[in-house]
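Lettering follows sequence order; numbering is per chain, from 1.
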Number of protein chains: 2
Amino acid sequence: MKQQLKKYIHRYVDFSDAELDAFIAKMELIKLEKKKFILEEGEICHHQYFLLEGLVHTFYLDQDGNERTSSFALENWWFTSLESYIKQSPSFYSIQTIEPCVFLKIAKTDLDALFDTIPNLEKFFRLMAQNMVIALQRRTDIYQKMISKERYEYFRRNFPEFFQRVPQYLIASYLEITPEYLSSLRNSK
Amino acid sequence: MKQQLKKYIHRYVDFSDAELDAFIAKMELIKLEKKKFILEEGEICHHQYFLLEGLVHTFYLDQDGNERTSSFALENWWFTSLESYIKQSPSFYSIQTIEPCVFLKIAKTDLDALFDTIPNLEKFFRLMAQNMVIALQRRTDIYQKMISKERYEYFRRNFPEFFQRVPQYLIASYLEITPEYLSSLRNSK
DNA sequence: GGGATTCCTTAAAGTATCTTAAGAAAGAAT
DNA sequence: ATTCTTTCTTAAGATACTTTAAGGAATCCC
């Protein structure tokens, strides 16, 4: 089970077995059904999560009470409510399972302690954060330069997995359009 | 001159003087006039930059040849073309001065070598990357939840500095609207 | 298997934003 | 000072996208 995370980590950094084990020992395994909250808006996020199986999304509610999805996570993705986690402040976002999920979590207090003893861990999380920056910049660009129809095509082509697994109204909210308009885009071509 | 960077770093991490000096010794001081390129689209970005004075923006050209600003940097901000820098691949973005600028730069080869000898540096750049993630997430949310007029008000209120220093057509490109529409927003209230 | 949710589609009317084109204002260059 | 270039404004017509409202299709549940 935790083998999957070890394999993932080795793609980025050369940990010794002892280091890796010390890290992994602090991670707790969680299973959750679909449509369950991992974190609710307003709570303080104390953990970082690594998804082993399933599908998760991070969202908030706008003034009209609509869910606005800001990101998805699939197998082998890290997720958390980063600003809340770092500042230990109330989260703007909720995190919820879309499918039944299995994931690992590690507490900020544990991870911060490990940082002091395992320099490689700093490197690993630096690389993770940099990857997030790149992904976010790409997303921003795509929204800036494409109209909805192009965004839809782009994501359908580049993340076909999502489009089979995620309900349409969530895709619409991620593409920043209404479900009605998405439906018309899908059928107009 | 480099004192300014030291002060900035100490806000985040406790470096020893020796560590800090080893790091700073590898940074080179550059001065540039306004409207000069620091990096051009298609080049590989070999450096990270710390802005001491002036104003810089990162942008790309869309299909119609319009500049699309994806970020600004002011005094005491780090900037680079991150994806290009990390993967050493051609940059999607150009980086250009808006005002006359003074900045420090450090080469990837030097920084990577320093990472191996100064663990604190890993931590520092991890924190920098995390801050970028937070800033980008905020930006994404604001674009998702606000219509242009609200975005304009939001940025004008929260970053008044920009609005005095940056030409309107660049603000428009950052707000993801046309200069014409920005102009009409400004005068309609 | 039937009723209740939840999700997806259709269509019409309305709105935010863009495009184009032209002129005004401001800055830079000679 | 005058010209040239860059930036900002105005306005009319076009279009991408939303809102509302309703019906249809899936899925969940007892």
Side-chain angles (χ1 to χ4, degrees), chain A residues 32-37 54-55 57 59 61-69 72 94 96-100 140 142-156 162-189, chain B residues 32-37 54-55 57 59 61-69 72 94 96-100 140 142-156 162-189:
Chain A
L32 264 191
E33 300 152 47
K34 70 189 273 190
K35 286 245 167 191
K36 297 293 178 195
F37 282 96
L55 181 49
H57 79 307
F59 67 95
L61 298 178
D62 67 13
Q63 303 97 312
D64 305 330
N66 300 313
E67 283 185 10
R68 299 287 198 139
T69 293
F72 295 102
S94 299
Q96 197 183 37
T97 61
I98 295 174
E99 302 175 355
T140 305
I142 283 158
Y143 284 71
Q144 201 174 30
K145 98 173 109 187
M146 297 182 184
I147 60 173
S148 321
K149 185 164 197 163
E150 293 166 335
R151 286 200 302 260
Y152 170 69
E153 286 302 330
Y154 177 88
F155 282 107
R156 197 174 57 89
F162 279 110
F163 280 70
Q164 279 143 21
R165 290 167 66 179
V166 178
Q168 303 236 359
Y169 71 95
L170 287 180
I171 292 176
S173 114
Y174 183 69
L175 293 177
E176 298 181 8
I177 57 180
T178 59
E180 293 85 353
Y181 191 51
L182 175 57
S183 177
S184 92
L185 284 182
R186 286 161 55 82
N187 296 346
S188 74
K189 47 154 310 216
Chain B
L32 265 191
E33 299 152 48
K34 70 190 274 192
K35 286 247 167 188
K36 297 293 178 196
F37 282 95
L55 181 50
H57 80 307
F59 67 94
L61 299 177
D62 66 14
Q63 302 100 313
D64 305 330
N66 300 312
E67 282 185 11
R68 300 289 198 139
T69 293
F72 295 102
S94 299
Q96 198 183 35
T97 60
I98 295 174
E99 301 175 355
T140 304
I142 282 158
Y143 284 70
Q144 199 174 31
K145 100 172 105 187
M146 296 182 185
I147 60 173
S148 322
K149 187 164 196 163
E150 292 167 335
R151 284 199 303 258
Y152 170 70
E153 287 301 330
Y154 177 87
F155 283 107
R156 198 175 56 89
F162 279 109
F163 280 69
Q164 279 141 22
R165 290 168 64 178
V166 178
Q168 302 235 359
Y169 71 95
L170 288 180
I171 291 176
S173 114
Y174 184 69
L175 292 178
E176 299 182 6
I177 57 179
T178 59
E180 294 84 353
Y181 191 52
L182 175 57
S183 176
S184 92
L185 285 182
R186 286 162 53 83
N187 297 346
S188 73
K189 48 155 310 220

Q: Scan nucleotides 8-20 of chain C nucleotide by nucleotide, 5' to 3', and note B when protein non-hydrogen atoms come under 4.0 Å of the base, S if they reach only the sugar-phosphate, - if neither.
A: SBB-----SBSBB
Q: Return the set of residues passing ring pair (Phe, Tyr, Trp, His ring centres under 6.0 Å) with Phe162(A) (not counting sequence neighbours), or none when no residue passes.
A: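 If we apply the ring pair (Phe, Tyr, Trp, His ring centres under 6.0 Å) test to Phe162(A), skipping adjacent residues, the hits are Phe72(A), Phe159(A).
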Which side-chain N or O atoms in residues 171-181 of chain A pair as donor and acceptor under 3.5 Å with protein atoms at least two apart or in another chain?
{"residue": "Ser173(A)", "atom": "OG", "partner": "Thr69(A)", "partner atom": "N", "Å": "2.8"}
{"residue": "Ser173(A)", "atom": "OG", "partner": "Thr69(A)", "partner atom": "OG1", "Å": "3.0"}
{"residue": "Thr178(A)", "atom": "OG1", "partner": "Tyr181(A)", "partner atom": "N", "Å": "3.2"}

Q) Atom CD of Glu150(A) to atom P of dA16(D): distance rounded to whole Å? A)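 Those two atoms, CD and P, are 10 Å apart.
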**Q.** Gap between atoms CD and C1', on Glu33(A) and dC29(D) respectively (whole Å)
**A.**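 Rounded to whole Å, this separation is 15 Å.
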Q | Nearest non-hydrogen partners of Ile98(A) and His57(A), listed with the distance | A |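 So the two residues come closest at CG1-ND1, 3.6 Å.
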Q. Taking all non-hydrogen atoms of both residues, which atom of Glu153(A) and which atom of Arg156(A) are closest, and how far apart?
A.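 Smallest interatomic distance, heavy atoms only, reads OE1-NH2, 2.9 Å.
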Q. Is there a side-chain contact between Lys34(B) and Pro100(B), using heavy atoms and a 4.5 Å cut-off?
A.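 They are in side-chain contact.
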Q) Do the side-chain N or O atoms of Lys35(A) get closer than 4.0 angstrom to the phosphate oxygens (OP1, OP2) of dT27(D)? A)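 For dT27(D), OP1/OP2 do not have a side-chain N/O of Lys35(A) under 4.0 Å.
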Q.
So if I take the C1' atoms of five pairs at each end of the helix from dT9(C)-dA22(D) to dT30(C)-dA1(D) and get each local axis, what angle do the two axes make, rounded to 10 degrees?
A.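 Answer rounded to 10°: the end axes differ by 40°.
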**Q.** Set of salt bridge (Lys or Arg N to Asp or Glu O under 4.0 Å) partners for Arg68(B), sequence neighbours left out
**A.**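 Counting only residues at least two positions away or on another chain, Arg68(B) forms a salt bridge (Lys or Arg N to Asp or Glu O under 4.0 Å) with Asp62(B).
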Q: Please list, chain by chain and in numerical order, all residues satisfying salt bridge (Lys or Arg N to Asp or Glu O under 4.0 Å) with Glu99(B), sequence neighbours excluded.
A: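 Partners of Glu99(B) by the salt bridge (Lys or Arg N to Asp or Glu O under 4.0 Å) criterion, ordered by chain and then number, come out as Arg165(B).
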Q. Could you give the distance from CD1 (Ile142(B)) to CZ (Arg151(B)), rounded to the nearest 0.5 Å?
A.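 Output value for this atom pair is 10.0 Å.
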